[in-house]
Amino acid sequence: QVQLVESGGGLVQAGGSLRLSCAASGLAFSTYAMAWFRQTPGKEREFVATSTWRGTNLDYADSVKGRFTISRDSAKNTVYLQMNSLRPEDTAAYYCAAERYGMGSRSMETYQYWGQGTQVTVSS
């Protein structure tokens, strides 16, 4: 059974940094594309970043490009989102997602598995 568990969220001041983690189990991690999405109450869930199978290709939303970095550690079956230069508009619940075909996508519809989310709040 596939399970994705996010961690690392919290409260941080604008300009600060956080690193989110997503621990995956029950899947062939290296063959799956992994992604991060985020959602604020009242808004659609939006794409943040994705890593194709084995991390061969990366893609980022324009709003986070140059500030966020997605990476994966196959030995730990974990994907990370390093977030630097955080802004108040980055405040959201962040969700980890997995896509079995390994291609990656900006669309929620292509991902089969989701974590429960971790809250990131950026003050000031």
Side-chain angles (χ1 to χ4, degrees):
Q1 185 173 354
V2 174
Q3 188 170 28
L4 306 177
V5 181
E6 302 99 332
S7 62
L11 176 64
V12 64
Q13 292 184 355
S17 298
L18 284 174
R19 185 175 68 175
L20 306 183
S21 298
C22 173
S25 61
L27 54 77
F29 181 76
S30 63
T31 69
Y32 276 66
M34 304 296 296
W36 291 94
F37 289 76
R38 65 187 183 186
Q39 187 170 25
T40 299
K43 294 184 177 181
E44 294 287 324
R45 189 170 296 186
E46 66 175 346
F47 168 78
V48 176
T50 189
S51 171
T52 61
W53 77 292
R54 295 185 177 179
T56 56
N57 195 27
L58 308 176
D59 189 32
Y60 298 92
D62 289 343
S63 59
V64 307
K65 203 167 189 176
R67 299 187 297 120
F68 291 11
T69 303
I70 187 170
S71 62
R72 57 202 296 165
D73 185 339
S74 60
K76 297 180 179 179
N77 278 14
T78 300
V79 62
Y80 303 95
L81 185 68
Q82 178 66 47
M83 305 184 293
N84 299 326
S85 301
L86 283 162
R87 305 166 180 169
E89 53 262 43
D90 295 319
T91 295
Y94 283 72
Y95 296 87
C96 178
E99 183 265 296
R100 59 159 48 100
Y101 301 110
M103 295 183 294
S105 173
R106 294 187 172 192
S107 174
M108 287 179 54
E109 297 178 358
T110 65
Y111 293 86
Q112 290 77 45
Y113 305 104
W114 293 84
Q116 293 183 316
T118 185
Q119 180 67 37
V120 172
T121 302
V122 184
S123 65
S124 191

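One-based numbering along the sequence shown.
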Peer 1: Going from OG on Ser51 to CG on Asn57, what distance comes out if it is rounded to the nearest 0.5 angstrom?
Peer 2: 8.5 Å

Peer 1: Looking at every non-hydrogen atom in both residues, tell me the closest pair between Val48 and Val64 and how far apart they are.
Peer 2: O-CG2, 3.6 Å

Peer 1: Find out if a path of hydrophobic residues (ILVMFWY) with successive side-chain heavy-atom gaps under 4.5 Å connects Trp53 to Leu27.
Peer 2: no

Peer 1: Taking distance alone, no hydrogens or angles, what donor-acceptor pairs closer than 3.5 Å link side-chain atoms of residues 97-105 to residues at least two apart or in another chain?
Peer 2:
residue: Glu99; atom: OE1; partner: Gly102; partner atom: N; Å: 3.3
residue: Glu99; atom: OE1; partner: Met103; partner atom: N; Å: 2.9
residue: Glu99; atom: OE1; partner: Gly104; partner atom: N; Å: 3.0
residue: Glu99; atom: OE2; partner: Tyr101; partner atom: N; Å: 2.4
residue: Glu99; atom: OE2; partner: Gly102; partner atom: N; Å: 3.1
residue: Arg100; atom: NH2; partner: Tyr113; partner atom: OH; Å: 3.4
residue: Ser105; atom: OG; partner: Ser107; partner atom: N; Å: 2.9
residue: Ser105; atom: OG; partner: Thr110; partner atom: OG1; Å: 3.4

Peer 1: Taking atom CE of Met34 and atom OG1 of Thr78, what is their separation to the nearest 0.5 Å?
Peer 2: 9.0 Å

Peer 1: Going by salt bridge (charged side-chain N to carboxylate O under 4.0 Å, His left out), name the residues that satisfy it together with Arg19, two or more places apart in sequence or in a different chain.
Peer 2: none

Peer 1: Can you give me every donor-acceptor pair (side chain of residues 115-124, partner residue at least two apart or in another chain, under 3.5 Å) with its distance?
Peer 2:
residue: Thr118; atom: OG1; partner: Gly9; partner atom: N; Å: 3.1
residue: Gln119; atom: NE2; partner: Ala92; partner atom: O; Å: 3.4

Peer 1: When you group the ILVMFWY residues by side-chain heavy-atom contacts below 4.5 Å and let the links chain together, are Met108 and Leu4 in the same group?
Peer 2: no

Peer 1: Does atom CD of Glu89 have more than 12 heavy-atom neighbours from other groups under 6.0 Å away?
Peer 2: yes

Peer 1: Between OG1 of Thr52 and CG of Leu58, what distance do you get to the nearest 0.5 Å?
Peer 2: 7.0 Å

Peer 1: Please report the closest heavy-atom contact between Ile70 and Tyr60, naming both atoms and the distance.
Peer 2: N-OH, 2.9 Å

Peer 1: The criterion is ring-ring contact (aromatic ring centres under 6.0 Å, His included); which residues satisfy it with Tyr32, sequence neighbours excluded?
Peer 2: none

Peer 1: Locate the shortest heavy-atom distance separating Asp73 from Phe29; write the atom from each residue and the value.
Peer 2: O-CE2, 3.9 Å

Peer 1: Could you tell me if the side chain of Cys22 sits less than 4.5 Å from the side chain of Tyr80, heavy atoms only?
Peer 2: no

Peer 1: What residue among Tyr94, Phe47, Tyr95 forms ring pair (Phe, Tyr, Trp, His ring centres under 6.0 Å) with Phe37?
Peer 2: Phe47

Peer 1: Can you see which heavy atom on Tyr111 is nearest to which on Thr50, and at what distance?
Peer 2: OH-OG1, 3.0 Å

Peer 1: Should Val5 and Val79 be counted in the same cluster of Ile, Leu, Val, Met, Phe, Trp and Tyr side chains packed under 4.5 Å apart?
Peer 2: no

Peer 1: Enumerate the residue pairs fulfilling salt bridge (Lys or Arg N to Asp or Glu O under 4.0 Å) with a member in residues 47-70, sequence neighbours excluded, ordered by first and then second residue.
Peer 2: Asp59-Arg106, Arg67-Asp90

Peer 1: Rest of the hydrophobic cluster containing Leu11 (Ile/Leu/Val/Met/Phe/Trp/Tyr, side-chain heavy atoms under 4.5 Å)?
Peer 2: none

Peer 1: With a 4.5 Å cut-off on side-chain heavy atoms, are Met83 and Trp36 touching?
Peer 2: no

Peer 1: For residues Ser17 and Gln82, report the shortest heavy-atom separation together with the two atoms involved.
Peer 2: CB-NE2, 4.0 Å

Peer 1: Between Ser74 (side chain) and Ser30 (backbone), is there a donor-acceptor pair under 3.5 Å?
Peer 2: no

